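Notes to accompany the following structure.
Please read these numbers as outputs of a predicted model, since none were measured by experiment. In what follows, every heavy atom counts, from backbone to side chain, and hydrogens, waters and symmetry copies are set aside. Here is how names work: the chains are called A, B, and so on, in the same order as the sequence lines, proteins then strands, and each is numbered from 1.
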Amino acid sequence: MGLMMDLEMDKLVSLCKRRGFIFPSSEIYGGINGFWDYGPLGVELKRNIKEAWWRDNVQMRDDMVGLDCSIIMNPRVWEASGHVGGFSDPMVDCKDTKERYRADQLYVFAYVFPAVNHKGEPAEAWLAGLGSSPGEAAEHPEKKAAKLAKKLGQPTAPPTIIPYMQLDLADRDKVIGPSTDERGTLTEPRSFNLMFKTFVGALENESSIAYLRPETAQGIFVNFKNVVDTGRVKLPFGIAQVGKSFRNEINPRNFTFRSREFEQMEIEYFCRPEEAKDWYAYWRKARFQWYVDLGLRSDRLRLRDHDAEELAFYSTATADIEFAFPFGISELEGIAHRADYDLTQHMKHSGKDLSYFDEELKERLVPHVVEPSAGADRATLAFLCEAYAEDQVGGETRTVLKFHPRIAPIKAAIFPLVKRDSMPEKAEAIYRDLRRHFNVFYDEKGAIGRRYRRQDEAGTPFCITVDSQTLAEDTVTFRDRDSCWQWRVPIAGVVQSLRDLLEGQAIPANP
RNA sequence: GCGGGUGUAGCUCAGUGGUAGAGCCCCUGCCUUCCAAGCAGGCGGCGUGGGUUCGAUUCCCAUCACCCGCUCCA
C-alpha cells in the first residue's frame, strides 16, 4: 500500500504549505520537531472545527457547560492523576542489541585485571548488571569477569560498584551492557515522562517545578466542585473544554498527527453510577455521528472498542473513533468510561469532598464520568485528508478540497469577470455586503479560470462572478466548487442564496 | 531511539569542484467576456556548522528538519 499512500500524504503536506494551511513551526530557524503552525487558511479551518464542536456539544445542549482552565496548574494535580508517577522511570537503551533497561536497576561493576595493554595500563572491564540491588545485579557481571580472568588473570581487587545513574559521563563509553560484549553501547538514561517541565517563579529548583498540562481533562475534574456550586447544574451534566495540551512525544510523526503541542476538545460527562453505561453508549454513538455530519462520510471512519487487555485498570469500557489516514488507521477521539476514578483520586490527594448531593433522591454520591476526548489537530488533519481530491475538468487535473461548507475556511469568493466596465466596483459592493455575514474573499487579479482553481484549492464552496449580464439585469453567476456548475442569482438575493446553500440547500440543476 | 531516504527560488524539480537553471506562483504594464490564456519586464535560492581545496551548492564530517520502515505512545 506504501507508494500510493505516501504520494498522497506528500501532496497534502505540499498543498498545506503552498496554500497557507499548515507550516513547520519556526521554519526560518530550521523548524522544531513536533510543532506546527496554522497559516491564514489553516487557522480558519481549525477554528471552524472547534467552533462547530463547541456549538454542537455545548451551546446547543441543556446539559453542558464550558470551562477554560489554565495550562499550568498546581503540580499535585498531576500526582493525583497519575501522570507524574506513572511513566517517569529513566530508561537506557542498548544500541547493539536494542534491549531496554530501567536505569535505576543498572549497576556497573568495574573490574581491574593484572594484564596490561600496549600502553602499559592495567586492563579494565566495566560490566553492567541488571537487578533491584547491587547484589542481585552482580551475578551476570561476575560470570563475565570470570571468563575474562582466564585471559587477563584474576582481578586484582573486588569490583568497584557504581549505580548507572551516578556514572560520570566520560566513563559511560567504557561500560559493557548486560546483553552485549561491545563497549559503549548503552545510551544515557532518558526519562520517559512525557510531561513538559517548567519552573514557576524566580527560583529554578525542585519546589518550583510545574508542568504544562498533558491533557485538558484534569482541569475539568479539579473544577468540578466550583461548577457544581455555581453553575446550577444537575446530574447528569457535562463540562467541556477546548485548549492546548503538551506531550513531549519521543517520536513525533505523520505531519501534525502526533505533535508535541496540540489542541484537545474534551468533555467530562458526569452522571449517576447506574446510568454511566447508557451514557457511554450514547456518547460513543453521538461523537461518531458528529464526524459523519461534518463530512467524514467515507468508510475511512470507524469505531473500535478496546478489548479487555487494552483498557486502563479503572475503565470498564473505551472506544476509539479512528480514521484511515494515508499513513495508517489512527485515533481521532477516545470515548472512555472512567467510573469515579478521577474524582476519587482528587478527593484523596486534595482532601476535599468532591461528592455530589442529589436533591431529589436525598443521596450523596461520587458521580461516574464518561470522557469523549477529541484531538482538534487530528480532526483538522482528517478533514483535510478526506477533502483532498484530484478531479478532471475539461481534460485538466484540478486539485480541490471538498470541505463541508460549515468548516470551509472561506465560504465564497467574489470576482469581477474582467477588470473593467465597473465590474470590480459592483463585485466589491457585493463582497462588502456578504462580508457582514460570512467569511468571504474578493479577487480581481488574472484570468477567471485561475481564480476558480485557486479557490478550489482553498476549499471555497462557492464563487460569485459579476459579468456583463450583471450590468444589464442585476444578476450574478454562482459557481459550485464540486460540480463546477453555474447558475444565475439576482443581486438582491445573494446573501440569502448563499446562506441557504451553506446550510445544505441543493444547488439548482444545471441548465 | 535504530535503519533508510530527502534537503537548490514561494511551489515542483534540473544541474555543476570554477560567476546557478527551467516551469509554475507572485509583482508591474499591455491584452483578455467563464474554468490554471498571451506578450514584455521584475522579485527571488544551494537547510546549518565545520573540514579538504587556489576555489565547495557539488567531495568529507557533524548537525537540524521532513518523509518511510521498525520501536515507542500514561
Side-chain angles (χ1 to χ4, degrees), chain A residues 1-3 5-7 9-20 23-36 39 78 81-89 91-100 185-188 190 192-195 214-215 217-218 247-255 257-258 260 312-315 326-328 330-331 334 336 391-400 415-421 423 445-457 463-471 476-481 483-486 488:
Chain A
M1 69 200 226
L3 255 170
M5 295 218 163
D6 299 349
L7 199 64
M9 204 58 201
D10 283 352
K11 282 183 177 176
L12 182 68
V13 172
S14 168
L15 174 65
C16 283
K17 174 84 190 292
R18 185 170 71 247
R19 286 297 176 214
F23 307 123
S25 170
S26 28
E27 194 183 10
I28 62 169
Y29 290 101
I32 176 167
N33 199 345
F35 298 89
W36 299 89
W78 308 112
S81 70
H83 287 86
V84 172
F87 232 69
S88 56
D89 301 323
M91 306 295 279
V92 170
D93 286 330
C94 177
K95 292 180 212 167
D96 184 29
T97 61
K98 316 298 182 199
E99 292 288 321
R100 175 164 285 171
T185 63
L186 298 183
T187 61
E188 76 282 9
R190 285 187 307 258
F192 269 51
N193 192 298
L194 297 188
M195 282 197 295
E215 60 176 35
Q218 296 306 322
R247 296 182 195 183
N248 198 4
E249 297 286 353
I250 298 163
N251 192 359
R253 263 303 166 81
N254 294 329
F255 200 25
F257 183 81
R258 179 171 294 137
R260 289 183 165 132
F313 69 88
Y314 48 77
S315 179
F327 48 78
S330 299
E331 180 187 349
D391 284 355
Q392 296 297 316
V393 174
E396 300 247 329
T397 301
R398 72 161 181 165
T399 302
V400 54
F415 308 139
L417 183 58
V418 289
K419 213 165 138 185
R420 56 172 165 75
D421 297 343
M423 288 185 203
K445 292 198 178 78
I448 189 74
R450 184 183 303 266
R451 283 177 269 164
Y452 284 147
R453 297 295 171 85
R454 196 178 288 139
Q455 292 304 317
D456 289 341
E457 283 198 344
C463 292
I464 297 167
T465 301
V466 168
D467 47 33
S468 52
Q469 214 173 324
T470 306
L471 309 178
V476 292
T477 301
F478 268 53
R479 179 254 195 193
D480 173 58
R481 174 194 67 202
S483 63
C484 296
W485 285 3
Q486 299 186 344
R488 299 201 71 83

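Per the geometry, CZ belonging to A/Phe257 stands 16 Å off P belonging to B/C66, to the nearest Å. Distance, A/Arg420 CZ to B/C30 C1': 13 Å, rounded to whole Å. B/C73 atom C1' lies 13 Å from atom NE2 of A/His83, rounded to whole Å. Between the P atom of B/C68 and the CG atom of A/Leu12 lies a distance of 12 Å, rounded to the nearest Å. If you measure from atom CG of A/Asn248 to atom C1' of B/C73, you get 12 Å, rounded to the nearest angstrom. Whole-Å rounding puts the A/Glu331 CD to B/A74 P distance at 10 Å. Protein atom NZ of A/Lys17 is 13 Å distant from nucleotide atom P of B/C67, rounded to whole Å. The distance between atom CZ of A/Phe327 and atom P of B/C68, rounded to the nearest whole Å, is 8 Å.
Between the A/Arg247 side chain and the A/Pro214 main chain, a donor and an acceptor come within less than 3.5 Å of each other.
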**Complete:** Dot-bracket for RNA chain B, 5' to 3', Watson-Crick and G-U pairs with both distances under 3.5 Å, [ ] for crossing pairs, | for partner on another strand, reads (((((((..((((....[..)))).(((((.......)))))....(((((..]....))))))))))))....
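A sub-4.0 Å separation between OP1 or OP2 of B/U12 and a side-chain N or O of A/Ser14 is present. OP1 or OP2 of B/C66 has at least one side-chain nitrogen or oxygen of A/Asn33 nearer than 4.0 Å. The side chain of A/Lys419 contributes no N or O atom lying less than 4.0 Å from OP1 or OP2 of B/U32. The side chain of A/Asn254 places no N or O atom within less than 4.0 Å of a non-bridging phosphate oxygen (OP1 or OP2) of B/C66.
When heavy atoms are screened at a 4.0 angstrom cut-off, A/Pro24 is found touching no nucleic acid atom at all.
Across all non-hydrogen atoms, the minimal contact from A/Tyr452 to A/Cys463 is CE2-CB, 3.6 Å. The minimum heavy-atom distance between A/Pro416 and A/Ile448, with the atom names listed, is O-CD1, 4.5 Å. In plain terms, the two heavy atoms of A/Thr465 and A/Thr470 that are nearest each other are O-OG1, 4.2 Å.
Checked for salt-bridge contact, A/Arg481 and A/Asp391 miss the test: no charged N lies under 4.0 Å from a carboxylate O.
None of A/Gln486, A/Arg488, A/Gln469 except one satisfies the side chain to side chain donor-acceptor pair (under 3.5 Å) rule with A/Thr477; the exception is A/Arg488. The one candidate from A/Arg451, A/Met423, A/Lys445 that meets the side chain to side chain contact (heavy atoms under 4.5 Å, CB included) condition with A/Phe415 is A/Arg451.
A cation-pi arrangement is not found for A/Arg253 relative to A/Phe327, the charged atom failing to lie both closer than 6.0 Å to the ring centre and inside a 45° cone about the ring normal.
A heavy-atom distance below 4.5 Å is not found between the side chains of A/Gln455 and A/Arg479.
If you check B/U33, B/A74, B/C2 against the side chain of A/Arg253, the one that comes closest is B/C2.
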**Message:** Treating primed atoms plus P, OP1 and OP2 as sugar-phosphate and everything else as base, which nucleotides of nucleotides 34-39 of chain B get B, S or - for protein heavy atoms under 4.0 Å?
**Reply:** BBBS--
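Looking at A/Arg258, its side chain comes within 3.5 Å of the base of B/C73 through a donor and an acceptor atom.
Using atom P as the reference point in both B/U57 and B/U19, the two lie 12 Å apart (nearest Å).
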